[in-house]
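When a ligand or atom number is given, it counts from 1 through the structure's own listing order.
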Amino acid sequence: MSSTETPATTDGNAPAEPRHALRLFVIWLVLSVAAVLLIWFVWYPHMPPGRMTESARHQQFDIAILAVSAAPVIIFVLLYFVYAIVVWRARPGDDSDGPPIHGNTKIQATWIIGTTVIVLWLFVFGTVELIIPAGAGGGEGPSPIWKLSGNQAATWTPGSNDMLQVQVIGQQWAFTYRYPQFGGMESTVLDLPVDTPIEFHVTSLDVIHSFWPYLLGVKADANPAVDNVAYTTAKQLGGFVVRCNELCGIWHGAMFNNGTVLSPNAFQAWASDVQAKEQTSGTLAAMSPYALTYEPTVIPQLGEAVVKVAGITGGAGYYYEPSNPVTP
Ligand SMILES: [Cu+2]
């Protein structure tokens, strides 16, 4: 502070220091409150992935909470940046250093307490939000640590608290869905009942795929020979798209199909109807029995024993009728 502008700087700085902090705090508080209100009341209802299922609602809530937590931090950084440029900018001809701030106990204590609170808050909030919705819609492997509450039953009826089991089978390049509580029938659409605990069993017949009905807030890897369990509960009726979210070959981008959340009675009618049709047509008898994983189609070609059922090689061998059948 020994330049030609010393008198001006001293005049401006000495009484002004505490006012800087207060000014910054007031501006920060006003901007932060405005940002938090905007995020919560305007942005939050439109954030992905929407509110179609319990897991989607939790994810939307998590994103809103993270945005609300981050906004005051971002606003402080930007505000301090702009304030420093405007107010503390070096005037032409002033080559002196600013006053040293190391050793300032208040700033150090504020920094340590502030960062500690933010990190601990994110840790606790993230952990709770992972456990409460039983895995937050992600695949938890074959034996989930966190289970959704619901009865395990061999059949499913509307209005009960029975878990609906749906097996998701990925293969190049389509998803199919098997319903073990409806005779193991298989569908190319993923229909689900509303307000019902759903247990997805995700697997693959060939390479690694990823089951991603993003409006349901569910994403689970589909690995061959692995039974990957994910939970959700649909809360709104309507249609959704299922996409593959793991680069799985040349037609990966075309690997998607659709599903619908129906009323429990409409779902039961649909599922029973598909089951009856597949029973009549012989499809159920021709398919491999329901299992948590199936052998990939390459196995028979490696010389493994296969079982032939009604013209389709099934059992532990082919699961799908090969386009170019191999005679065992
Ligand atoms: Cu895929």
* Protein N/O/S atoms under 2.8 Å from the Cu ion (ligand 1): how many? -> 4

* Return yes if a side-chain donor-acceptor contact under 3.5 Å exists between Q152 and Q165, otherwise no. => yes

* **Cation-pi geometry met for R51 and Y44 (6.0 Å, 45°)** => yes

* I198 and V189: same hydrophobic cluster, using ILVMFWY side-chain contacts below 4.5 Å? -> yes

* **Test of ring centre spacing under 6.0 Å for Y80 and W28** => no

* Asked: Between F182 and W270, does the ring centre distance come in under 6.0 Å?
  -> no

* **For E54 against T232, the heavy-atom pair lying closest together** => N-OG1, 4.3 Å

